[in-house]
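Hydrogens, waters and symmetry mates play no part in the numbers below; they use all other heavy atoms, side chains included. Letters A, B, ... mirror the listed sequences (proteins, then strands); counts begin at 1.
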Amino acid sequence: MTIAAASKVKRDLSSDDDDDVPLSQTLRKRKIDSASSASSHDDADPYDSDEAISKISKKKKTKRIKTEPLSSPPSPKKKTTTPKPKKIKKENSDVKVKATKKKKEQKKKQEEEDQEAEDQKLKDEEDEYKWWEKENEDDTIKWATLKHNGVIFPPPYQPLPSHIKLYYDGNPVDLPPQAEEVAGFFAALLESDHAKNPVFQKNFFNDFLQVLKENGGTLNNVELKEFSRCDFTKMFDYFQVQKEQKKQLTSQEKKQIRLEREKFEEDYKFCELDGRKEQVGNFKVEPPDLFRGRGAHPKTGKLKRRVNPEDIVLNLSKDAPIPPAPEGHKWGEIRHDNTVQWLAMWRENIFNSFKYVRLAANSSLKGQSDFKKFEKARQLKSHIDAIRRDYTRNLKSKVMLERQKAVAIYLIDVFALRAGGEKSEDEADTVGCCSLRYEHVTLKPPNTVIFDFLGKDSIRFYQEVEVDKQVFKNLTIFKRPPKQPGHQLFDRLDPSILNKYLQNYMPGLTAKVFRTYNASKTMQDQLDLIPNKGSVAEKLLKYNAANRTVAILCNHQRTVTKGHAQTVEKASNRIQELEWQKVRCKRAILQLDKGLLKKEPKYFEEIEDLTKEDEATIHKRIIDREIEKCQRKFVRENDKRKFEKEELLPETQLKEWLEKVEEKKQEFENELKTGEVELKSTWSSVEKIKAQVEKLEQRIQTSSIQLKDKEENSQVSLGTSKINYIDPRLSVVFCKKFDVPIEKIFTKTLREKFKWAIESVDENWRF
DNA sequence: ATACATACTTAGCAGCCACCGC
DNA sequence: GCGGTGGCTGCTAAGTATGTAT
């Protein structure tokens, strides 16, 4: 195969021949052209040694089983060169933060808010640390000084009132509080899917019994043996009532509570990094709960235990004051490691892995990492041609390992697959590129491939695509007997081999960089296609469409919301009703002037398009809706009156309302029979009605577009790509060039996260 | 090379709350 | 003004990647 052939991989290899094809089309069924000439040696068996099948065995088991006492975590890394702390700037940043908080309190007053924002901006300009304007030094050292106040622990368990209990075989069970807490975790989920999942039930019940045993068993000698004999409903109901009560609080009370909480959290929400005040991300320690693994997770439902101060390692400057541990406790360890970003960590008990407390997304450290990530992806631009040329050539390599690498990189590049590291048996069975198995890929000659597997978060990846002919051939070889379902497709590959290979092209190049690169490249290309015209709303729609192609490329999905089908139906009913109203208007016009039918027959065609059945359906829908409305109104009104101790509305009132509806119904029925519309007073002239028709058409138009947009977005999640894959500078440039306010594209938090991008590019910047 | 340990990014979802159409 | 709805945010699970010891 030639280099030219390689560059025909459709999506964006040298975006020449199909620049004008909307990506949305090519993405659904991505086609890969192939000019490969199948010469005989291509088919030579590339297995260059007979250990070929040796690694075929399914996946390896067990990892992370290593246990280590929490009290003695591994020693910190050696690199503890602590550069001298920079001078600390004074209270300026303090003031700023308070201003932000105050802002939250006051609603409405737009001007005031604007003013304040303006003020803040000024302050920002004075003393904000603009790291992106500085030279970038050593990045193995993350900070010079770090001070913080530790972490917030969840409140201790509050036992339930004594009349709320778990029931076993119908008998109340007295649980020690520690066990009651665990039972409560389950009870709270009673109506969720988790509670119906047998694995979840089993894992929960085991751990629950364990905790019960640890605490001396039940207090009233009920022996719990089977999950199915437990009744959590009383507990569940109690939680529901509590939730309801919380909701019932006045907005004043809610506000009060919120303010108190914010005040308490203030000290933990911020830390001091190199003398600057920066936000901490997850300063709250995760509360105990039942582990909610995604997909078919073997450990789902297990108890995630409470974390104590003794479990926590704090990381801060040597000279920083050590925050006091909660009363009667001490910290597990204090560390001074400035080669890492985390402020605190602990080991969790589900996988025995670590959880970290780190800085917020708007912090300088995170911003710098983010910036670096996108710069690395941009660097790939100057290597991508060589990489594609090489993998295209290596698709025919005599060496099996090379062929596998070539195909893998092809898949990662073209279909944006993840690297696909090995997983242990106690995790959900999900895969990425390197861990693809026989059954995940179906080959349909001549060159169609169906991918069907569960990826990260057990999100299904399903695509039927055409691939390069040589890729197809290779996949056929990778699936040859004795391989069978359960066997690895890339039996000689893992991400580290792949990454090592990739680093030959460019330092720091790894599989994931391709996702960033292709996502941002796609976005750039899509934005380039948008004409600079129309309203802001129209431009936004186009921006979102571009965003959507990226999300589809990266397979970012979301579950359709519960009410989605209903919402769609409602919306299309509305549109249908608008159409119907239009027809009525046109009928009315004819009633005013019959002669028009001959003059403009086209205009009145729609009248015939509406069938009697459809019309009757619409009538019924409207009437039903109105009846319901009356009834609801009646009930509501009386509820209110009851509450205020006023006299209730008599039934006759309801009847009166309903009679009005009945009249309308008669009118509709008559209209259906005769085809004659009762002329409204506003329909005094043909012109007026025509104007109304125009309005209706406008509404139909917008409603239809909105509906379509909603439908297309129902399964696609735009946020993930916007937050993680699309270089934010692209969006900034788009806004600048197209006069779209950045607020329309980035929420407040995103604007803070991407401050570096917003302030650093002009409108000529390109990815 | 493998196995494990560590640290950092990416991911979807629940719940809340502001806003919008009636 | 009211109730539903969609957008945001917080949360934490689930990935990727690299360093270190064996």
Side-chain angles (χ1 to χ4, degrees), chain A residues 60 62-66 68 73-79 107-108 140 142 189 192 243 246-247 251 254-255 258 281-287 289 291-295 297 299-300 304 315 337 339-342 345 347-348 350-356 358-361 365-366 369-370 373 418-424 427-428 430-435 455-459 494-500 502-503 508-513 515-516 554-559 561-564 566-567 570 574 629 632-633 636 640 710 713 717-721 723-725 746-750:
Chain A
K60 292 146 219 168
T62 54
K63 282 177 76 176
R64 300 187 199 158
I65 327 206
K66 172 102 202 298
E68 214 172 312
S75 57
K77 289 197 209 131
K78 8 243 90 160
K79 295 181 280 182
K107 270 284 70 164
K108 303 274 147 70
T140 64
K142 314 286 182 173
L189 297 173
S192 73
K243 246 192 242 169
K246 220 182 251 173
K247 249 197 288 189
S251 56
K254 283 185 196 162
K255 194 165 142 192
R258 201 182 57 228
N282 53 332
F283 49 86
K284 287 179 184 164
V285 169
E286 291 175 23
D289 199 354
F291 171 71
R292 279 122 115 154
R294 304 190 182 144
H297 200 299
K299 293 201 173 191
T300 196
K304 190 169 78 173
N315 190 36
D337 184 353
T339 67
V340 292
Q341 295 192 4
W342 53 267
M345 73 164 190
R347 205 185 268 281
E348 51 84 52
I350 303 289
F351 297 105
N352 202 37
S353 65
F354 294 128
K355 299 274 189 169
Y356 299 90
R358 32 185 72 261
L359 290 163
L365 271 182
K366 288 277 198 185
S369 313
D370 217 25
K373 174 183 77 184
R418 295 188 183 81
E422 184 199 346
K423 295 192 77 186
S424 81
E427 295 173 282
T430 63
V431 299
C433 182
C434 293
S435 49
K456 182 177 178 180
D457 292 306
S458 293
I459 296 293
D494 66 45
S496 79
I497 295 173
L498 218 52
N499 288 339
K500 223 161 267 162
L502 290 170
Q503 325 245 313
L509 182 59
T510 61
K512 80 193 271 282
V513 179
R515 268 169 81 83
T516 315
C554 295
N555 200 40
H556 292 144
Q557 301 188 22
R558 58 172 183 166
T559 48
T561 50
K562 266 181 248 143
H564 177 70
Q566 213 183 8
T567 317
K570 240 188 193 164
R574 288 265 181 234
K629 225 196 238 165
R632 263 209 308 270
K633 186 172 157 195
R636 200 176 51 212
K640 198 172 107 196
K710 187 177 272 179
N713 265 348
S717 164
L718 301 188
T720 307
S721 49
I723 293 167
N724 300 299
Y725 287 101
F746 290 151
T747 62
K748 187 165 146 287
T749 16
L750 274 190

- Message: Please pick, from B:dT9, C:dT18, C:dT12, the nucleotide with the shortest atom-to-atom distance to any side-chain atom of A:Lys373.
- Response: B:dT9
- Query: Any idea which heavy atoms bring A:Asn315 and A:Asp337 closest together, and the distance?
  - Reply: OD1-N, 2.7 Å
- Task: Look at A:Thr747 and C:dT9 and indicate whether a side-chain polar atom (N or O) is within less than 4.0 Å of OP1 or OP2.
- Result: yes
- Query: Would you say the side chains of A:Ser435 and A:Lys423 form a donor-acceptor pair under 3.5 Å?
  - Reply: no
- Task: Classify the angle between the aromatic ring planes of A:Phe291 and A:His297 as parallel (below 30°), tilted (30 to 60°) or perpendicular (above 60°).
- Result: perpendicular
- Does a salt bridge link A:Lys304 with A:Asp289, judged by any charged N lying under 4.0 Å from a carboxylate O? no
- Choose from B:dT10, B:dA7, C:dA17 the nucleotide whose nearest atom is closest to any side-chain atom of A:Pro495. C:dA17
- If you find the nucleotide of DNA chain C closest to A:Ala511 and the one closest to A:Phe291, which residue's nucleotide is nearer the 5' end? A:Phe291
- Task: Please name the pair of heavy atoms, one in A:Leu189 and one in A:Arg292, separated by the smallest distance, quoted to 0.1 Å.
- Result: CD2-NH2, 3.1 Å
- Message: Regarding A:Gly719, tell me which of base, sugar-phosphate or nothing describes its non-hydrogen contacts under 4.0 Å with the strands shown.
- Response: nothing
- Item | Per A:Lys142 side chain, nearest of listed nucleotides B:dC8, C:dA13, B:dT9 | B:dC8
- A:Ser369 near the nucleic acid: base, sugar-phosphate alone, or nothing, with a heavy-atom cut-off under 4.0 Å? sugar-phosphate
- Message: Given C:dT18, C:dG15, B:dA11, identify the nucleotide with an atom nearest to the side chain of A:Asn499.
- Response: C:dT18
For nucleotides 12-14 of chain B, give me every protein contact, N/O to N/O, under 3.5 Å, one pair per line with atom names.
unit_1: B:dG12; atom_1: OP1; unit_2: A:Gln557; atom_2: N; d: 3.1
unit_1: B:dG12; atom_1: OP1; unit_2: A:Gln557; atom_2: O; d: 3.4
unit_1: B:dG12; atom_1: OP2; unit_2: A:Thr720; atom_2: OG1; d: 2.8
unit_1: B:dC13; atom_1: OP1; unit_2: A:Thr559; atom_2: OG1; d: 3.4
unit_1: B:dC13; atom_1: OP2; unit_2: A:Thr559; atom_2: N; d: 3.1
unit_1: B:dC13; atom_1: OP2; unit_2: A:Thr559; atom_2: OG1; d: 3.4

- Of the listed C:dT16, C:dA14, B:dA11, the closest approach to the A:Phe351 side chain comes from C:dA14
- Message: Can you see if the side chain of A:Lys355 gets near the phosphate of C:dA13 - specifically, an N or O under 4.0 Å from OP1 or OP2?
- Response: yes
- Task: Please work out if A:Lys304 contacts a base, only the sugar-phosphate, or nothing of the nucleic acid, heavy-atom cut-off 4.0 Å.
- Result: sugar-phosphate
- Task: Could you tell me whether A:Gly420 contacts a base, only the sugar-phosphate backbone, or nothing, with contacts defined as non-hydrogen atoms closer than 4.0 Å?
- Result: sugar-phosphate
- Message: For C:dC8 and A:Thr749 - does any side-chain N or O of the residue sit under 4.0 Å from the phosphate oxygens OP1/OP2?
- Response: no
- Query: If only side-chain N and O atoms of A:Lys284 are considered, is one of them under 4.0 Å from the OP1 or OP2 phosphate oxygen of C:dC11?
  - Reply: yes
- Query: Which comes earlier along DNA chain B counting from the 5' end, the contact point of A:Ser721 or that of A:Lys243, where each point is its nearest nucleotide?
  - Reply: A:Ser721
- Message: So that I can tick it off, tell me whether A:Lys355 and A:Glu286 are bridged by a salt bridge, with the cut-off set at under 4.0 angstrom between side-chain N and carboxylate O.
- Response: yes
- Of A:Ser496 and A:Gly281, the one whose closest nucleotide on DNA chain C sits nearer the 5' end is A:Gly281
- Item | Atom pair CG (A:Asn724) and CG (A:Asp370), whose distance is rounded to the nearest 0.5 Å | 8.0 Å
- Item | Phosphate-side-chain proximity, A:Gln503 and C:dA17, N/O vs OP1/OP2 below 4.0 Å | no
